[in-house]
Amino acid sequence: EVQLVESGGGLVQAGGSLRLSCAASRFGLDDATIGWFRRAPGKAREGVSSINTSGDSKYYSDSVRGRFTISRDDASNTVYLQMNSLKPEDTAVYYCAAFQTKYGLASLAPYEYSHWGQGTQVTVSS
């Protein structure tokens, strides 16, 4: 069974940084587009960032562009989300997701993703 495991969440003060990791087992991320999504209490799920298979297409939501950076390390089968200048409104459970494809652009459309992790909590205090 494919597994995606997020890590790196935690409690941080506003202005601080965290780096989330998404590690895959029984699934090669080098043939997958990866996305990061988040869900804050009482809010709809939001696509945060995505990176395509080749790494040359990256998307960011308007709310995080310029503060978050997505990257991938296919050798370790891990995708990262570096989050800087965190704000209280970034507080949410963050999920990584993947779908297998050899081509195409990054995507923030959740319906495209066939595999999801369990999520990691990020809390930003003011």
Side-chain angles (χ1 to χ4, degrees):
E1 182 181 348
V2 171
Q3 283 189 321
L4 297 175
V5 179
E6 304 93 337
S7 61
L11 173 64
V12 65
Q13 288 188 329
S17 298
L18 287 172
R19 188 177 78 158
L20 304 184
S21 300
C22 173
S25 61
R26 305 183 188 90
F27 185 82
L29 292 184
D30 54 348
D31 283 339
T33 289
I34 310 300
W36 284 98
F37 297 81
R38 68 185 181 187
R39 187 187 294 274
K43 295 187 177 181
R45 180 175 52 191
E46 176 189 9
V48 174
S49 183
S50 174
I51 185 168
N52 71 339
T53 303
S54 58
D56 60 1
S57 173
K58 300 178 183 178
Y59 288 169
Y60 298 95
S61 67
D62 290 343
S63 59
V64 308
R65 188 175 295 112
R67 300 188 296 122
F68 290 11
T69 303
I70 193 169
S71 62
R72 60 189 304 149
D73 180 358
D74 291 341
S76 63
N77 216 30
T78 303
V79 173
Y80 302 98
L81 185 68
Q82 178 67 44
M83 307 187 297
N84 298 329
S85 302
L86 283 162
K87 304 175 181 180
E89 51 264 44
D90 294 319
T91 295
V93 178
Y94 284 71
Y95 301 88
C96 72
F99 66 92
Q100 287 183 293
T101 179
K102 291 187 179 297
Y103 308 105
L105 300 175
S107 172
L108 292 179
Y111 62 82
E112 297 210 64
Y113 290 84
S114 53
H115 305 290
W116 292 81
Q118 293 299 307
T120 185
Q121 176 70 46
V122 171
T123 303
V124 184
S125 62
S126 58

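Just so we're clear, the structure is a prediction, and the values are computed from it rather than from any experiment. Values reported hereafter were calculated over all heavy atoms of this structure, with side chains retained and with hydrogens, waters and symmetry mates removed.
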Does [X] reach the main-chain N or O of [Y] with its side chain, forming a donor-acceptor pair under 3.5 Å?
{"X": "Ser21", "Y": "Ser7", "answer": "no"}
{"X": "Asp74", "Y": "Asn77", "answer": "no"}
{"X": "Gln118", "Y": "Glu6", "answer": "no"}

Considering all heavy atoms of both residues, which atom of [X] and which atom of [Y] are nearest to each other, and what is their separation?
{"X": "Arg45", "Y": "Pro110", "answer": "NH2-CB, 3.5 Å"}
{"X": "Cys22", "Y": "Trp36", "answer": "CB-CZ2, 3.6 Å"}
{"X": "Ala14", "Y": "Ser126", "answer": "CB-CA, 4.4 Å"}

Parallel, tilted or perpendicular: which describes the rings of Trp116 and Phe37, with under 30° parallel and over 60° perpendicular?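 Trp116 vs Phe37 ring planes: tilted.
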Close side-chain approach of [X] and [Y], heavy atoms under 4.5 Å:
{"X": "Gln121", "Y": "Thr91", "answer": "yes"}
{"X": "Arg67", "Y": "Tyr60", "answer": "no"}
{"X": "Ser50", "Y": "Tyr113", "answer": "yes"}
{"X": "Glu112", "Y": "Thr33", "answer": "no"}
{"X": "Leu4", "Y": "Ile34", "answer": "no"}

Where do Thr101 and Thr53 land on the side chain to side chain contact (heavy atoms under 4.5 Å, CB included) test, with the steps shown first? CA-CA 7 Å; Thr101 179; Thr53 303; 3.8 Å; yes
| said: List the residues meeting side-chain hydrogen bond (donor to acceptor under 3.5 Å, both in side chains) with Arg65, not counting sequence neighbours, and say none if there are none. | reply: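 Residues passing side-chain hydrogen bond (donor to acceptor under 3.5 Å, both in side chains) with Arg65: Asp62.
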Linking I/L/V/M/F/W/Y whenever any side-chain heavy atoms sit under 4.5 Å apart, do [X] and [Y] land together?
{"X": "Phe68", "Y": "Val122", "value": "yes"}
{"X": "Leu108", "Y": "Phe99", "value": "no"}
{"X": "Tyr94", "Y": "Leu18", "value": "yes"}
{"X": "Tyr59", "Y": "Val64", "value": "no"}

- prompt: With respect to Lys102, which candidate in Asp30, Asp31, Asn52 satisfies the side chain to side chain donor-acceptor pair (under 3.5 Å) definition?
  reply: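 Filter result, single survivor: Asp31.
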Could you pull out all donor-acceptor pairs under 3.5 Å where a side-chain atom in residues 81-88 meets a protein atom, sequence neighbours excluded?
unit_1: Gln82; atom_1: NE2; unit_2: Asn84; atom_2: OD1; d: 2.9
unit_1: Asn84; atom_1: OD1; unit_2: Ser17; atom_2: OG; d: 2.9

Got a second to check how far Arg26's CZ is from His115's NE2, nearest 0.5 Å?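 Nearest 0.5 Å value for the CZ-NE2 distance: 12.5 Å.
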* Sequence neighbours excluded, which residues qualify as salt bridge (Lys or Arg N to Asp or Glu O under 4.0 Å) partners of Glu46? ->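 With sequence neighbours excluded, Glu46 shows a salt bridge (Lys or Arg N to Asp or Glu O under 4.0 Å) to Arg38, given in chain and number order.
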Q | Identified side-chain contact (heavy atoms from CB on, under 4.5 Å) counterpart of Val79 within the set Ile70, Asp73, Leu20 | A |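 Considering Ile70, Asp73, Leu20, a side-chain contact (heavy atoms from CB on, under 4.5 Å) with Val79 is found only for Ile70.
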